[in-house]
Amino acid sequence: MRLTVLGGCGAWPEAGQACSGYLVEHDGFRLLVDLGYAAFPRLLQQIGADQVDAVFISHGHPDHCADLNPLLRARALRDDPPPPLPVYALPGALDAVLALDRPGMLDDAYVLHEFTAGSAFDIGPFRAETRLLPHWVPNAGVRLTAGGRVLAYTGDTGPSPDVVALARDADLLLAEATHVDEVPEDSRRYLSSARQVGRQATEAGVGKLILTHLWPGTDPAAARAAAGDGYRGEIVVAAPDLSLELS
């Protein structure tokens, strides 16, 4: 299993970067996990729009799904459109982004598979196990298993025992860490800090930790240091074009 980061900014993209977007590959199958602001141009530096095999969206905030629109446009408006793209999301999560164009314009470009958080299903070679994690809107964390390797991704979430359960013994935890240390009081149920994520990674026994969704302007070194107070494994901060094999 290979993970390539397209973007890791929270809320909006910093100059030259992108919001949450991740390309996960196994046995030639290409799965996009989230596709926020500016992630689509980053994707095109890796593969063509017609080479995407499926998309999984954790929740409906635009910094996680806005660039689904240009992806579908790039597939639908070409002279030789590829088959409809399977798109997996929670019920209603994509209503806004799918309504950006005139009715029916993109209907042939995708097949929407809405699922209930807590369910498990196959996406190509991946076994996807989902779990509802606390956020302002329904958010599905996902545990992807393929080839004996496990990647766990939180989407956006506040601290929760369900994060630990989702990531238990995963080879890699890709975790939202919007803040370095203190999360503002009005966000404490719905967002996490790098320090909290480090503790949860240790509790879950994960092999490697990637911090993502950092607030624009956050010092990556400070986020790594805060996570490192509670986690002694390898810690990386998500950045465009970061690519690694799960082992």
Side-chain angles (χ1 to χ4, degrees), residues 1 3 8 10-11 20 22 24 33-34 56-61 63-64 88-93 114-121 123 126-146 148-215 218 223-238 246:
M1 195 190 306
L3 168 70
S20 295
Y22 315 95
V24 187
V33 177
D34 282 351
F56 177 96
I57 300 294
S58 63
H59 65 287
H61 280 159
D63 56 333
H64 291 258
Y88 297 81
L90 293 171
E114 293 187 324
F115 63 88
T116 302
S119 61
F121 44 88
I123 307 176
F126 298 99
R127 184 62 175 171
E129 301 171 71
T130 65
R131 190 174 287 259
L132 187 66
L133 299 178
H135 195 45
W136 282 283
V137 299
N139 171 79
V142 64
R143 180 182 177 95
L144 296 171
T145 304
R149 302 299 179 191
V150 177
L151 184 160
Y153 171 54
T154 65
D156 289 352
T157 179
S160 168
D162 286 323
V163 174
V164 176
L166 181 80
R168 179 71 63 195
D169 297 325
D171 297 285
L172 174 65
L173 171 59
L174 178 61
E176 175 259 311
T178 304
H179 300 278
V180 172
D181 197 344
E182 292 294 325
V183 179
E185 186 173 356
D186 62 353
S187 302
R188 287 176 185 167
R189 291 179 56 194
Y190 307 118
L191 293 173
S192 297
S193 71
R195 189 174 304 279
Q196 291 167 331
V197 166
R199 292 196 294 263
Q200 292 195 311
T202 291
E203 189 176 350
V206 304
K208 183 179 295 186
L209 174 62
I210 296 183
L211 306 176
T212 192
H213 200 267
L214 274 63
W215 193 257
T218 299
R224 275 196 307 272
D229 283 347
Y231 177 70
R232 299 306 180 194
E234 182 179 356
I235 302 170
V236 181
V237 174
L246 273 66

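Counting from 1, the numbers follow the sequence of the chain as shown.
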Can you measure from [atom1] ([X]) to [atom2] ([Y]) and round to the nearest 0.5 angstrom?
| X | Y | atom1 | atom2 | result |
| --- | --- | --- | --- | --- |
| Glu129 | Leu166 | CD | CG | 8.5 Å |
| Glu234 | Leu172 | CD | CG | 9.5 Å |
| Ser187 | Glu182 | OG | CD | 12.5 Å |
| Arg224 | Leu209 | CZ | CG | 11.5 Å |
| Arg168 | Leu173 | CZ | CG | 11.5 Å |
| Gln200 | Arg195 | CD | CZ | 14.0 Å |

So, the side chain of [X] versus the backbone of [Y]: is there a donor-acceptor pair under 3.5 Å, distance only?
| X | Y | result |
| --- | --- | --- |
| Arg131 | Gly141 | no |
| Thr130 | Gly118 | yes |
| Ser193 | Gln196 | yes |
| Arg149 | Thr145 | no |
| Glu176 | Ser192 | yes |

Heavy-atom distance under 4.5 Å between the side chains of [X] and [Y], does that happen here?
| X | Y | value |
| --- | --- | --- |
| Arg232 | Thr202 | no |
| Trp136 | His59 | no |
| Leu151 | Tyr22 | no |
| Asp171 | Met1 | no |
| Asp34 | Tyr153 | yes |

*asked:* Which residue in the set Thr157, Thr178, Thr154 passes side chain to side chain donor-acceptor pair (under 3.5 Å) when paired with His213?
replied: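 Result for side chain to side chain donor-acceptor pair (under 3.5 Å) with His213: Thr178.
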
_Ring centres under 6.0 angstrom apart (Phe121, Tyr88)_ =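 Between Tyr88 and Phe121, which both carry aromatic rings, the centre distance is below 6.0 Å.
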
Closest contact, heavy atoms only, [X] versus [Y]:
| X | Y | answer |
| --- | --- | --- |
| Val197 | Ala175 | CG1-CB, 3.5 Å |
| Ala223 | Ala194 | O-CB, 3.4 Å |
| Leu144 | Val33 | CD1-CG2, 4.1 Å |
| Ala165 | Arg143 | O-NH1, 4.4 Å |
| Tyr231 | Gly198 | CB-O, 3.3 Å |
| Val237 | Ile210 | C-CG2, 4.5 Å |

*Does one side chain, of Asp156 or His64, offer a donor that lies under 3.5 Å from an acceptor on the other?*
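The criterion, which ignores hydrogens and geometry beyond distance, is satisfied for His64 and Asp156.
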
_Val150 and Asp169: CA distance, side-chain angles, deciding distance, side chain to side chain contact (heavy atoms under 4.5 Å, CB included) verdict_ = CA-CA 8 Å; Val150 177; Asp169 297 325; over 6 Å; no

*If the plane angle is over 60° it's perpendicular, under 30° parallel, otherwise tilted; pick one for Trp215 and His179.*
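Geometry flag for His179 against Trp215: parallel rings.
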
*Under the side chain to side chain contact (heavy atoms under 4.5 Å, CB included) criterion, do Leu211 and Ile235 qualify, and how do the steps go?*
CA-CA 7 Å; Leu211 306 176; Ile235 302 170; 4.0 Å; yes

*Might you confirm whether atom CZ of Arg189 has over 12 heavy atoms from other residues, nucleotides or ligands at distances under 6.0 Å?*
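No, CZ of Arg189 has 12 or fewer neighbouring heavy atoms, counting only those of other groups under 6.0 Å.
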
